[in-house]
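Ligands are counted one by one from 1 in listed order, and the atoms in each one are counted from 1 as well. If you're wondering where the values come from, they're calculated on a predicted model, not measured in any experiment.
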Amino acid sequence: MPSLSEAYHSHPVEVHHHKHPDFKSLQELPDSYAWTHPEDHALAINTTSSNFGSVPVIDLSDRNATRLIGHACRTWGAFQVVNHGVPLSLLDHIQWVGQTLFSLSTHQKLKATRSPDGVTGYGLARISSFFPKLMWSEGFTILGSPLEHFQKLWPQDYAKYCDIVVEYDETMKKLAGKLMGLMLDSLGISKEELKWACPNKGPLFKDTCGALQLNSYPTCPDPDRAMGLAPHTDSTLLTILYQNNISGLQVHRESTGWVTVPPIPGALVVNVGDLFHILSNGLYPSVLHRVLVNRSKQRFSVAYLYGPPSNVEICPHAKLVGPTRPALYRAVTWNEYLGTKAKHFNKALSSFQLCAPKNGLFDVNESHKNSVQVG
Ligand SMILES: C=C1C[C@]23C[C@H]1CC[C@H]2[C@@]12CCC[C@@](C)(C(=O)O1)[C@H]2[C@@H]3C(=O)O
Ligand SMILES: O=C(O)CCC(=O)C(=O)O
Ligand SMILES: [Fe+2]
């Protein structure tokens, strides 16, 4: 069974780590990081508005939680959760791990560099190659045990950092299973109706895969022209995001444009990912999001990227497919999806489309041909 760590073997993602700057030493924004240019509207960073409210905040102990989650997924593709049961101390601890990691010297961090065909380790945003400008951030991806990398970063005291990551991973996995159940429930699908969710032995959703992404957005000398993390959707079923108390995350909504997701102490942000989009047959669209940076405060976040067991094919659920609503996507495993994302980035989802919603039917091969390869 190919594991997630092999997702990029067929499509190595070349990111030029040697260009990695020491952000702190830069007094001015280098041109390679400047996303706005008077003649280049395509790269405009403008936040359209933020007077229209933001993503719903849902109390998981509310008896209407399922309905509220359904509404949030349909209309925003994202929501915040409170009363989620994750101890605040654990959120503090994982933030401490991230902050300690990113404040190591560049030389030290590069010892744990992510390889082009690997998933884990330190590096610039993997999606960098699809954009003409660099992003003002650094990241660290963890899959399973962080031991190997952490031993390189902290030869003496890696164990205490590992313990926190393992606890965070386990806690997020449980919460993700719960959220997955609620999201399915809101579509009228019980867990028993999703075969892979119910293994013969052990708890529901026990064989799922998860990755942790630690992100740091250093203070920036010219934040209005910089981009922390460029617009993207996550290639997951769902993503649980912890952000520190510095705002920067924005979600895109057709009707309003870019909307800030304000940090709420102790709350977690949940994003619908591309695989849930497929599973829901397009009813819960994956949310486009990005991160802006600021001049005076370092921003920090941790994403738990949640997906199905690696051998499972995700397809539109039978209950959501019928004569008036054909299956919009073909079946795909998480590995195949990540490989396609690495190659086609924001064209990945439509490359699995079976019928174009507006222009009627067209064949899958057509859609493959049409997907543009950038970078
Ligand atoms: C399991 C995943 C999901 C990944 C790839 C791999 C590990 C890291 C994830 C992210 C995290 C940052 C944004 C993103 C777009 C990126 O560049 O790396 C994500 C990507 C995806 O959701 O496609
Ligand atoms: O930093 C954030 O708030 C968002 C990070 C993100 O989108 C990701 O890691 O996929
Ligand atoms: Fe994301």
A student checking ligand 1 against T141 at a 4.0 Å heavy-atom cut-off should list atoms 7 (C), 8 (C)
Do the two ring centres, one from H232 and one from H289, sit under 6.0 Å apart? yes
Protein residue, atom and distance nearest to atom 2 (C) of ligand 1, heavy-atom basis: L338 CD2, 3.9 Å
Counting only N and O atoms by type, is there a donor-acceptor contact under 3.5 Å from the side chain of E138 to the main-chain atoms of P218? no
Would one find more than 12 heavy atoms of other residues, nucleotides or ligands at under 6.0 Å from atom CD of E148? no
Is the distance from the ring center of Y168 to that of Y304 below 6.0 Å? no
Please check if the number of heavy atoms outside K297 that lie under 6.0 Å from its NZ is greater than 12. no
Pair H277 and Y329, ring centroids less than 6.0 Å apart: yes
Which residue and non-hydrogen atom of the protein lie closest to atom 6 (C) of ligand 1, and at what distance in Å? Y8 OH, 3.7 Å
List the closest protein heavy-atom neighbour of atom 8 (C) of ligand 1: residue, atom name, distance to the nearest 0.1 Å. R126 NH2, 3.4 Å
Test your reading of the structure: does Q213 have an N or O sitting under 3.5 Å from an N or O of ligand 1? no
NZ/K174: more than 12 non-hydrogen atoms of other groups inside 6.0 Å: no
Looking only at N, O or S atoms in H289, which is nearest to the Fe ion (ligand 3)? NE2
Honestly, for I127 the part within reach of ligand 1 (heavy atoms, under 4.0 Å) is both
The atom of D234 among N, O or S that is nearest the Fe ion (ligand 3) is OD1
Pick, from K341, H232, M135, the option with the minimum heavy-atom distance to atom 15 (C) of ligand 1. H232
Are V270 and I58 close enough that some pair of their side-chain heavy atoms sits under 4.5 Å apart? no
Under 4.0 Å, heavy-atom basis, I'd like to know which part of W334 is in contact with ligand 1: side chain, backbone, both or neither. side chain
If the criterion is any heavy atom closer than 4.0 Å to an atom of ligand 2, which residues make the list? Q213, N215, Y217, L229, H232, D234, L241, L249, H289, V291, R299, S301, A303
Exam field: side chain S54 to backbone T260, donor-acceptor pair closer than 3.5 Å: yes
Step through it carefully: locate the ring centre of Y306, locate the ring centre of F276, and say whether they are under 6.0 Å apart. no
Any donor-acceptor pair under 3.5 Å from W76 side chain to H252 backbone: no
Is it true that, when you exclude K111 itself, more than 12 heavy atoms of the residues, nucleotides or ligands shown sit nearer than 6.0 Å to its NZ? yes
Starting from atom 23 (O) of ligand 1, which protein heavy atom do you reach first, and at what distance in Å? S235 OG, 2.5 Å
Verify atom 13 (C) of ligand 1: protein non-hydrogen atom under 4.0 angstrom away: yes
Can L305 be said to touch ligand 1, with heavy atoms closer than 4.0 Å? yes
Atom 20 (C) of ligand 1 within contact range, any protein heavy atom under 4.0 Å: no
